[in-house]
Number of protein chains: 2
Amino acid sequence: MRTDTVYKKAFNRAASMLRDGQLTGDLPSENELRRQMGVSRTTVRKVLGELAHRELIAERSGVRTAGRPVEDSDYYPDAETTSRAKHVEQQFMEWMLRGDTRPGTSINELELARQFGVATNGIREFLIRFSRFGLLEKRPNTGWLFKGFTEDFALELFEIRVMFELRSAHLFSRQADTSPLWEKLAVLKIAHTELLKRIESRFHDFSGLDNRFHRLINEASPNRFIDDFYDIISFIFHYHYQWNKHDEKQRNQAAILEHLAYIEALESRDPERIERACRAHLGSARETLMRSLIVFDE
Amino acid sequence: MRTDTVYKKAFNRAASMLRDGQLTGDLPSENELRRQMGVSRTTVRKVLGELAHRELIAERSGVRTAGRPVEDSDYYPDAETTSRAKHVEQQFMEWMLRGDTRPGTSINELELARQFGVATNGIREFLIRFSRFGLLEKRPNTGWLFKGFTEDFALELFEIRVMFELRSAHLFSRQADTSPLWEKLAVLKIAHTELLKRIESRFHDFSGLDNRFHRLINEASPNRFIDDFYDIISFIFHYHYQWNKHDEKQRNQAAILEHLAYIEALESRDPERIERACRAHLGSARETLMRSLIVFDE
DNA sequence: TGGTTGTTTTTTATCGATAAGAGGAAGCTA
DNA sequence: TAGCTTCCTCTTATCGATAAAAAACAACCA
């Protein structure tokens with residue numbers, strides 16, 4: 001049976017809105033809530049029904065108002081708010097990055113299914129999706145080959161990344177001065193300097209900033225294949241860094257400085273300077289990744 | 001239930017080997033056959049069992065020899081030798097390229113499943129696999145969005161293709177003179193001139209040659225992401241050209257000449273000449289694709 | 001002993017069923 | 001009559017089952 005994670009997540013979201021006082025007086029209409037929460041009205045109604053049932057809201061002649069205060073115990077546990085597919089993803093990445101999975105290992109759908117507690121179908125769908133990341137290969141009627149999160153992988157990944165990024169940065173710098181992206185870049189620049197000031201406590205925030213920055217550069221000259229490739233990068237880094245916290249603050253601090261140099265290079269519109277700043281940044285990103293691979297490979 | 005297409009295809013293959021006299025005297029061992037046909041021994045045994053049952057081979061004291069002649073009616077029909085997954089692929093591509101599918105259409109798993117006569121699961125797996133081609137987008141809990149085989153798509157595809165190919169061609173030309181790939185290139189060159197002579201009747205053979213050529217260029221400096229991208233190209237072209245036979249002979253003839261110029265440029269190792277030849281060839285490939293899109297778009 | 005063939009176990013490909021979720025039609029109310 | 005809600009239908013996410021195919025094991029033999 002399908003999980004009701006959409007409902008539970010929406011419920012938690014609504015509970016938080018109530019608690020934070022974002023929903024005072026008469027509540028918005030179902031349609032309005034639907035828009036705010038990004039789910040269907042069917043789900044909104046289910047949430048409202050349960051909220052009413054628990055007296056977190058009161059319904060009087062069709063008008064809804066907030067009810068008793070929200071308690072911590074009203075929330076559904078986090079584990080129940082992620083779909084099976086997401087669970088599979090997380091467990092698989094953990095399995096892969098834990099490091100005890102050697103390149104060349106073959107992957108068994110049934111075994112993973114049992115291990116992760118899902119039907120084989122879910123595993124297979126994940127593996128198909130994941131195979132575009134270049135770490136897996138399917139051999140029909142036989143199974144999957146895990147090619148390994150190896151040095152080769154990192155080198156090939158970065159070769160492409162550099163090509164794409166140089167291309168995008170170049171095109172970015174040649175936009176009209178009136179392009180709104182320059183403004184966005186300026187905003188991002190400020191966010192970087194702000195983060196740098198608070199680096200001691202907030203260094204975790206860098207990864208979000210990093211993502212925004214690189215995606216912004218691609219925005220000037222969209223290409224779906226480059227975007228897709230950047231999805232791979234984000235995905236890999238997202239999970240990889242969950243497993244490699246080593247030196248995180250220092251790394252992020254260095255990266256922020258590189259970003260700032262890179263942003264200024266873009267603003268200068270000087271092609272050579274841009275290329276230098278871009279290569280410098282990607283070069284150290286690559287080094288970081290490579291170094292962590294060696295740690296895993298012992 | 002799983003289809004027995006692997007068995008049926010293997011059976012047909014074995015029947016052809018018998019008919020063509022590739023299997024005279026004592027037949028090879030099960031293991032040897034297994035290797036030749038690329039299936040498991042389980043399947044080989046099933047095939048041998050059926051061959052014996054139909055008296056196409058005779059088994060005497062553990063030694064197998066050819067039996068009565070193979071008739072046309074012994075073969076399983078082609079339709080029974082492709083897996084469901086392949087069927088889905090073919091039907092979907094037909095559905096897509098037939099041209100009555102507008103960009104922005106949303107795709108309904110259930111409807112396609114009924115239309116193609118498979119379970120929804122099969123459709124979904126195909127769509128997941130296919131989504132890396134940049135023509136589809138998944139919206140969770142909702143369905144798939146068909147983005148369309150449009151001009152944008154072709155432009156973005158070729159932008160990447162040019163980047164990758166210039167890079168690979170450049171690296172190819174800088175290989176050591178002793179690299180065996182030069183020899184392979186020479187062989188391919190001859191194949192091209194041969195085909196050119198027989199172009200009137202054999203122009204269909206070009207697509208195989210085209211594939212071999214572009215893959216060879218990538219061989220000098222392998223990168224899995226570039227290989228994957230080339231898979232997309234091959235796939236798209238494979239199906240697209242089934243639907244666009246217009247001017248095929250002429251197009252292929254022109255492409256062969258471009259390939260020859262390109263090959264000679266590589267052999268000259270002159271970077272500028274290579275770049276020119278490469279761009280010229282990809283430019284006209286792009287034009288061909290674009291022109292056919294316009295035809296489809298009426 | 002390396003290579004055969006016969007047998008059993010394991011895994012993949014594929015189907016069908018069902019609860020959760022999305023979305024539309026029609027009626028309701030202010 | 002515009003926006004809301006109730007009711008209903010259709011679709012997706014997920015499970016479990018099973019025949020085909022692969023792989024592992026066992027027995028045999030020259």
Side-chain angles (χ1 to χ4, degrees), chain A residues 1-10 26-34 38-49 59 61-64 83-88 106-114 117-128 138-144, chain B residues 1-10 26-34 38-49 59 61-64 83-88 106-114 117-128 138-144:
Chain A
M1 138 192 46
R2 192 174 170 163
T3 55
D4 55 356
T5 51
V6 172
Y7 153 71
K8 284 178 174 162
K9 191 180 266 174
D26 292 359
L27 301 197
S29 73
E30 293 178 359
N31 260 318
E32 180 53 31
L33 285 170
R34 183 179 91 74
V39 296
S40 72
R41 239 182 64 252
T42 306
T43 302
V44 167
R45 305 194 87 231
K46 198 171 166 187
V47 168
L48 289 171
E59 288 181 306
S61 61
V63 178
R64 284 179 269 248
S83 66
R84 286 274 187 292
K86 195 76 188 169
H87 268 293
V88 168
S106 67
I107 292 174
N108 184 312
E109 294 178 4
L110 195 56
E111 192 186 313
L112 283 185
R114 281 194 283 246
V118 298
T120 51
N121 244 308
I123 298 291
R124 179 191 282 244
E125 283 177 16
F126 171 77
L127 293 174
I128 294 173
K138 181 167 168 55
R139 287 166 310 166
N141 297 314
T142 302
W144 298 81
Chain B
M1 136 191 49
R2 195 174 169 163
T3 55
D4 56 357
T5 51
V6 172
Y7 153 71
K8 283 177 175 162
K9 191 179 267 174
D26 292 358
L27 302 196
S29 75
E30 292 177 2
N31 262 317
E32 179 52 31
L33 285 170
R34 186 179 89 74
V39 297
S40 72
R41 204 158 64 76
T42 308
T43 303
V44 168
R45 302 192 91 229
K46 197 169 166 188
V47 169
L48 289 172
E59 288 181 304
S61 62
V63 179
R64 284 179 270 247
S83 66
R84 286 275 186 292
K86 195 78 188 168
H87 267 293
V88 168
S106 67
I107 292 174
N108 184 312
E109 294 178 3
L110 195 56
E111 192 186 314
L112 283 186
R114 282 193 283 248
V118 298
T120 51
N121 245 310
I123 298 292
R124 180 191 282 245
E125 283 177 16
F126 172 77
L127 293 174
I128 294 173
K138 181 166 168 55
R139 286 167 309 168
N141 297 315
T142 303
W144 299 80

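Below, read A as the first sequence line, B as the second, and so on, with proteins coming before strands; counting in each chain starts at 1. Since this is a predicted model, take the numbers as computed values, not measurements. Excluded from the calculations below are hydrogen atoms, water molecules and symmetry mates; all remaining heavy atoms, backbone and side chain alike, are included.
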Nucleotide [N], atom [atom2] - distance to [atom1] of [X] in whole Å:
{"X": "A/Glu111", "N": "D/dA23", "atom1": "CD", "atom2": "C1'", "result": "15 Å"}
{"X": "B/Arg2", "N": "C/dT10", "atom1": "CZ", "atom2": "P", "result": "17 Å"}
{"X": "B/Met1", "N": "D/dA17", "atom1": "CE", "atom2": "P", "result": "18 Å"}
{"X": "B/Arg84", "N": "C/dC15", "atom1": "CZ", "atom2": "C1'", "result": "9 Å"}
{"X": "A/Glu125", "N": "D/dA13", "atom1": "CD", "atom2": "C1'", "result": "8 Å"}
{"X": "A/Leu33", "N": "D/dC4", "atom1": "CG", "atom2": "P", "result": "10 Å"}
{"X": "B/Lys8", "N": "D/dA19", "atom1": "NZ", "atom2": "P", "result": "16 Å"}
{"X": "A/Lys46", "N": "C/dG23", "atom1": "NZ", "atom2": "C1'", "result": "16 Å"}

Side-chain N,O ([X]) to OP1/OP2 ([N]) below 4.0 Å:
{"X": "A/Arg64", "N": "D/dT5", "answer": "yes"}
{"X": "A/Ser40", "N": "C/dA22", "answer": "yes"}
{"X": "B/Ser29", "N": "C/dT4", "answer": "yes"}
{"X": "A/Thr3", "N": "D/dT14", "answer": "yes"}
{"X": "A/Arg114", "N": "C/dT11", "answer": "yes"}
{"X": "B/Arg124", "N": "D/dA13", "answer": "yes"}

At under 4.0 Å between heavy atoms, what does [X] touch on the DNA or RNA strands: base, sugar-phosphate, or nothing?
{"X": "A/Asn108", "answer": "sugar-phosphate"}
{"X": "A/Arg139", "answer": "nothing"}
{"X": "A/Lys138", "answer": "sugar-phosphate"}

(request) I would like to know whether B/Ile128 and B/Trp144 meet side chain to side chain contact (heavy atoms under 4.5 Å, CB included); could you show each step before the answer? (result) CA-CA 10 Å; B/Ile128 294 173; B/Trp144 299 80; 3.9 Å; yes
(message) Between B/Ala85 and B/Glu32, which residue's closest nucleotide on DNA chain C lies nearer the 5′ terminus?
(response)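 Nearest-nucleotide comparison on DNA chain C picks B/Glu32.
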(message) Between A/Val39 and B/Thr42, which residue's closest nucleotide on DNA chain C lies nearer the 5′ terminus?
(response)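 Of the two residues, B/Thr42 wins.
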(request) Sugar-phosphate means primed atoms, P, OP1 and OP2; the rest is base. With that split, encode nucleotides 25-30 of chain C 5' to 3' as B, S or - using protein heavy atoms under 4.0 Å. (result) ------
(request) Check A/Leu33 against A/Pro28 and note the closest heavy-atom contact, atom names and distance. (result)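 It is CD1-O, 4.0 Å.
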(message) Assess, by modelled atom type and distance only, whether the side chains of A/Arg2 and B/Asn141 contain a donor and an acceptor separated by less than 3.5 Å.
(response)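 Yes, a side-chain donor-acceptor pair sits under 3.5 Å.
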(request) Starting from the 5' end of DNA chain D, give me the residue, B/Gly143 or A/Val118, whose nearest nucleotide shows up first. (result)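 By nearest-heavy-atom nucleotide position, the 5'-most residue is B/Gly143.
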Residue [X], side-chain heavy atoms: nucleotide from [options] that is nearest:
{"X": "B/Glu109", "options": "D/dA13, D/dA22, C/dA19", "answer": "D/dA13"}
{"X": "B/Thr120", "options": "C/dA17, C/dA19, C/dT14", "answer": "C/dA17"}
{"X": "A/Thr142", "options": "C/dG21, D/dA22, C/dT12", "answer": "D/dA22"}
{"X": "B/Leu110", "options": "D/dT12, D/dG16, C/dG21", "answer": "D/dT12"}
{"X": "A/Asn141", "options": "D/dA13, D/dA21, D/dC15", "answer": "D/dA21"}
{"X": "B/Asn121", "options": "C/dT5, C/dT14, D/dC15", "answer": "D/dC15"}
{"X": "B/Asp4", "options": "C/dC15, D/dA20, C/dA20", "answer": "D/dA20"}

(message) Please identify which of these residues, A/Thr5, A/Asn121, A/Val118, meets the side-chain contact (heavy atoms from CB on, under 4.5 Å) condition with A/Arg84.
(response)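 Testing A/Arg84 for a side-chain contact (heavy atoms from CB on, under 4.5 Å) against A/Thr5, A/Asn121, A/Val118 leaves exactly one candidate, A/Val118.
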(request) Using atom types as modelled and distance alone, determine if a side-chain donor or acceptor of B/Asn108 lies under 3.5 Å from a backbone N or O of B/Glu111. (result)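 Judged by distance alone, yes, a pair lies under 3.5 Å.
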(message) Given 3.5 Å as the limit, does a donor-acceptor pair link the side chain of A/Thr142 with the main chain of A/Pro140, or not?
(response)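 Present.
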(message) Check A/Arg64 with A/Glu30, please: is the shortest side-chain N to carboxylate O separation under 4.0 Å?
(response)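 So A/Glu30 pairs with A/Arg64 through a salt bridge.
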(request) Measure the shortest side-chain to side-chain distance between B/Arg124 and B/Leu127 over non-hydrogen atoms and say whether it is less than 4.5 angstrom. (result)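 Sidechains of B/Leu127 and B/Arg124: no contact.
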(message) Just so I know, are the side chains of A/Ser29 and A/Arg34 near enough to count as touching, which here means a heavy-atom distance under 4.5 Å?
(response)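 Not touching, per the 4.5 Å side-chain cut-off.
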(message) With hydrogens left out and only the distance checked, is there a donor-acceptor pair under 3.5 Å joining A/Asn31's side chain and the base of D/dG3?
(response)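 By the distance-only test, no, there is no pair.
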